[in-house]
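Only this structure's heavy atoms are used, side chains among them; waters, hydrogens and symmetry mates stay out. Start at 1 with the first residue, then count along the sequence.
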Amino acid sequence: MTGRPARLLAALLATVLAAGCGAAEPGPQPWHGGRIFLATGNTTGVYYQLGGGYADVITRHLPGYEARAEPTGASVENINRLASGDMEIAFSLADTAADAVVGRGAFAGQPQPVRALARVYSNYTHVIVRADAKITKLSELRGKRVSTGSPKSGTDIIAGRLLTAAGLDPDRDVRRATLSLPETVKRMRAGTLDAMFFSGGLPTPGIADLISSAPGTYALLPIADLMEPLATRYGSVYTTAELPKDVYKTKLDTPTVTVANVILVNTDMPDQLAYDLTRLLFEYQADLVTVHPEAGNYTQQSASGTDPIPLHPGAARFYQRR
């Protein structure tokens with residue numbers, strides 16, 4: 001047993017033992033020090049890198065706590081584990097987190113008890129195809145072998161929505177595989193996939209390795225033309241941006257769809273702990289930038305803009321100090 005459940009059990013046992021000995025002092029509270037587990041993502045993605053850096057900052061600069069980053073399938077899994085008490089902090093795409101708050105999509109009818117500490121960098125949707133497949137637009141993926149990302153990941157959700165916006169049924173019109181980024185890259189190299197989706201920061205290490213391993217073999221597909229049907233259905237949670245050509249040494253910038261990332265905690269986290277965890281994101285931001293440059297892409301003003309995901313009261317108190 002790990003994470004907060006273990007601490008809850010320890011607190012309960014301590015309370016029982018204290019009562020049996022006639023002690024007047026209460027047992028330790030479950031949030032008073034101990035381990036903090038961070039739900040991140042695939043091991044070759046930015047979540048995992050930044051999560052490891054954040055865990056190190058927490059361990060070094062928050063007395064009484066030791067933090068550890070855990071690899072996961074990303075957004076949906078992260079929120080489920082956060083809500084269950086298995087994790088204390090979770091990275092998530094903002095669209096998935098927005099679904100969780102109101103109980104729709106993967107969380108249909110079951111709103112999740114999550115709140116935001118911060119909005120951080122934006123994820124760029126990478127749609128990569130084999131150049132020899134001559135695919136120029138998303139609708140041409142019909143009948144192709146496509147990885148839409150890890151099960152229960154934000155990438156899988158975005159991929160499904162984009163395929164639908166392109167007029168394709170994600171489960172019938174493509175030969176869909178839900179694979180982790182490392183497995184997806186492996187199969188792209190082997191030629192057993194025609195295309196892949198991944199939503200990540202720039203650069204995403206696994207994608208950089210894939211493209212640089214065989215220059216000219218892979219191409220990034222422009223998808224910004226699908227923004228209108230996405231916005232009509234899902235509102236302002238999605239935006240568009242150019243994926244710069246110098247990131248992966250491609251010939252041209254690639255117009256794509258972006259979505260913000262948020263750092264989440266459970267609603268029952270004490271206000272002071274949420275305040276301190278938010279504070280560390282800014283006091284030691286320079287340390288996080290050395291882990292991955294995307295850590296430089298948030299400010300106190302931008303980080304507080306988590307709508308429609310409510311800020312945790314402790315995080316809100318931190319931003320009100322400005």
Before you tell me yes or no, could you show the steps for I211 and K249 under side chain to side chain contact (heavy atoms under 4.5 Å, CB included), namely the whole-Å CA-CA distance, both residues' side-chain angles and the distance that decides it to 0.1 Å?
CA-CA 9 Å; I211 293 176; K249 306 299 186 289; over 6 Å; no

Passing option when L93 is tested against N261, N78, D99 for side chain to side chain contact (heavy atoms under 4.5 Å, CB included)
N261

Under 3.5 Å: donor-acceptor pair, side chain of Y298, backbone of L281:
yes

Can you find a heavy atom in the side chain of N297 that is under 4.5 Å from one in the side chain of S122?
no

SB check R68 E66 (cutoff 4.0 Å):
no

Student check: side-chain heavy atoms of L181 and M196 closer than 4.5 Å:
yes

Co-membership, hydrophobic cluster, residues L210 and Y124, 4.5 Å side-chain
yes

Nearest heavy-atom neighbours spanning A303 and F282:
CB-CZ, 3.6 Å

So with a 6.0 Å cut-off around CD of Q272, is the heavy-atom count from everything else above 12?
yes

Flag, side chain of N42 to backbone of G45, donor-acceptor distance under 3.5 Å
no

Report the C-alpha distance between F197 and T184 in whole Å, list the side-chain angles of each, state the deciding distance to 0.1 Å, and finish with yes or no for side chain to side chain contact (heavy atoms under 4.5 Å, CB included).
CA-CA 9 Å; F197 287 78; T184 295; over 6 Å; no

According to a 4.5 Å side-chain heavy-atom criterion applied to Ile, Leu, Val, Met, Phe, Trp and Tyr, with indirect links allowed, do F107 and V102 form part of one hydrophobic cluster?
yes

Linking I/L/V/M/F/W/Y whenever any side-chain heavy atoms sit under 4.5 Å apart, do V259 and F198 land together?
no

In plain terms, say whether K137 and D225 are close enough for a salt bridge, that is, a side-chain N and a carboxylate O under 4.0 Å apart.
no

What one should report as the nearest heavy-atom pair of L264 and A97 is CD1-CB, 4.0 Å

Could you check whether any side-chain N or O of T72 sits under 3.5 Å from a backbone N or O of T40, counting only pairs where one atom can act as donor and the other as acceptor?
yes

Specify the closest pair of heavy atoms between I309 and A94, including all atoms of both residues, with the distance to one decimal.
CD1-O, 3.7 Å

Apply side chain to side chain donor-acceptor pair (under 3.5 Å) to T256 and T125, showing your working.
CA-CA 6 Å; T256 192; T125 306; 4.7 Å; no

Between Y121 and Y47, what is the ring plane arrangement, given parallel below 30°, perpendicular above 60°, and tilted in between?
perpendicular

Nearest 0.5 Å, please: how far is CD1 in I158 from OG1 in T96?
6.5 Å

Any side-chain heavy atom of E294 within less than 4.5 Å of one from N123?
no

Scanning both residues in full, the closest heavy-atom pair of S153 with G73 reads CB-O, 2.9 Å

Between A100 and V114, the two heavy atoms sitting closest are CB-CG2, 4.5 Å

Is there a side chain to side chain contact (heavy atoms under 4.5 Å, CB included) between T250 and K245? Walk through the geometry before answering.
CA-CA 5 Å; T250 53; K245 61 185 179 182; 3.6 Å; yes

Is there a side-chain contact between R187 and S147 (heavy atoms, below 4.5 Å)?
no

If we check salt bridge (charged side-chain N to carboxylate O under 4.0 Å, His left out) with D194, which of these qualifies: R145, R130, K134?
R145

Please tell me if the side chains of T254 and V127 come closer than 4.5 Å, counting only heavy atoms from C-beta onward.
no

Within 6.0 angstrom of R104 CZ, more than 12 heavy atoms from elsewhere
yes

The reported gap from CD in Q112 to CG in N266 (rounded to nearest 0.5 angstrom) is 9.5 Å

Taking side chain as C-beta onward, heavy atoms only, is V101 less than 4.5 Å from P310?
yes

Supply the atom-to-atom distance I135 CD1 to E140 CD, rounded to the nearest 0.5 angstrom.
7.0 Å

D156/R176 salt bridge by N-O under 4.0 Å criterion
yes

Is there a path of hydrophobic side-chain contacts, each under 4.5 Å between heavy atoms of I, L, V, M, F, W or Y residues, that connects L226 with V129?
yes

If you measure from CD1 on I223 to NE2 on H126, what distance do you get to the nearest 0.5 Å?
10.0 Å

Roughly how far, to the nearest 0.5 Å, is the CE atom of M269 from the CG atom of D276?
10.5 Å

Between T44 and D209, does the side chain to side chain donor-acceptor pair (under 3.5 Å) criterion hold? Intermediate values first, please.
CA-CA 10 Å; T44 56; D209 290 345; over 6 Å; no

Distance under 6.0 Å and angle within 45° of the ring axis: does R279 meet both against F318?
no

Looking only at heavy atoms, which two atoms of L193 and M188 are closest? And how far apart?
CB-SD, 3.7 Å

Is it true that Y284 and Y275 fall in one hydrophobic cluster, defined by side-chain heavy atoms closer than 4.5 Å?
yes

Counting N and O atoms only, with roles assigned by atom type, does the side chain of T155 sit under 3.5 Å from a partner on the main chain of S199, one being a donor and the other an acceptor?
yes

Would you check if H292 and Y48 make a side-chain contact, meaning some heavy-atom pair closer than 4.5 Å?
no

So, taking the atom named CG in D173 and the one named NZ in K144, what distance separates them when rounded to the nearest 0.5 Å?
13.5 Å

Can F37 and D86 be said to form a side chain to side chain contact (heavy atoms under 4.5 Å, CB included), step by step?
CA-CA 8 Å; F37 290 88; D86 187 44; over 6 Å; no

